[in-house]
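Note that the coordinates shown come from a computational prediction; the quantities given were computed from them, not determined experimentally. One-based numbering along the sequence shown.
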Amino acid sequence: MKTYVKNFIGKSKSVQGLQIVKVTCKLEDFQKFSRFFDGIQYVTFDVAAMKQPDNFGRDYTVYVTLDEEQMAAIEKKEARNAAYQSPSVPKEEKEPVSGDDLPF
């Protein structure tokens, strides 16, 4: 029997007076859990009502459900990507502008 893992990726809030739930998630989470089918990238996620709203009034939670094999493949891919990630290059500091070179 497969064991499934819930990966929480966001929270959402219902829109007052409408039957709409507004969902906010990080794009990197969608990319992390995306899959390709026929050359098109997809993300499947679940939206579930929480028992009670959190401190920010959000009353829904958003998560991606994967089985342990899929999770292991994603973790392996992340580890490989982290190993090949280039070091961050510090931004060049701008030289202070002096008033000596002004034409007037």
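Hydrophobic clustering keeps Y63 apart from F45 (ILVMFWY residues linked when any side-chain heavy atoms are closer than 4.5 Å, directly or through intermediates). The same ILVMFWY cluster, assembled from side-chain heavy atoms under 4.5 Å apart, contains both I40 and F37. Residues I20 and M50 are members of separate hydrophobic clusters, defined by side-chain heavy-atom contacts under 4.5 angstrom among Ile, Leu, Val, Met, Phe, Trp and Tyr.
The closest side-chain heavy-atom distance from K32 to I9 is not below 4.5 Å. The side-chain heavy atoms of T65 and D46, taken from C-beta on, include a pair separated by under 4.5 Å. Put simply, the side chain of V47 reaches to within 4.5 Å of the side chain of Y60, judged on heavy atoms. Between F30 and Q41 there is no side-chain heavy-atom pair separated by less than 4.5 Å.
Interatomic distance, E68 CD to E75 CD, rounded to the nearest 0.5 Å: 10.0 Å. Once rounded to the nearest 0.5 Å, the distance linking CD1 of I74 with OG of S34 reads 8.0 Å. In this structure, N7 CG and D29 CG are separated by 9.0 Å, a value rounded to the nearest 0.5 Å.
Between T44 and R35, the side chains place a donor N or O and an acceptor N or O closer than 3.5 Å (distance only, hydrogens not considered).
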* To do: Report the C-alpha distance between M71 and F33 in whole Å, list the side-chain angles of each, state the deciding distance to 0.1 Å, and finish with yes or no for side-chain contact (heavy atoms from CB on, under 4.5 Å).
  => CA-CA 9 Å; M71 238 358 255; F33 296 111; 4.3 Å; yes

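Counting heavy atoms of neighbouring residues, nucleotides and ligands inside a 6.0 Å radius, atom CD of E69 does not exceed 12 of them.
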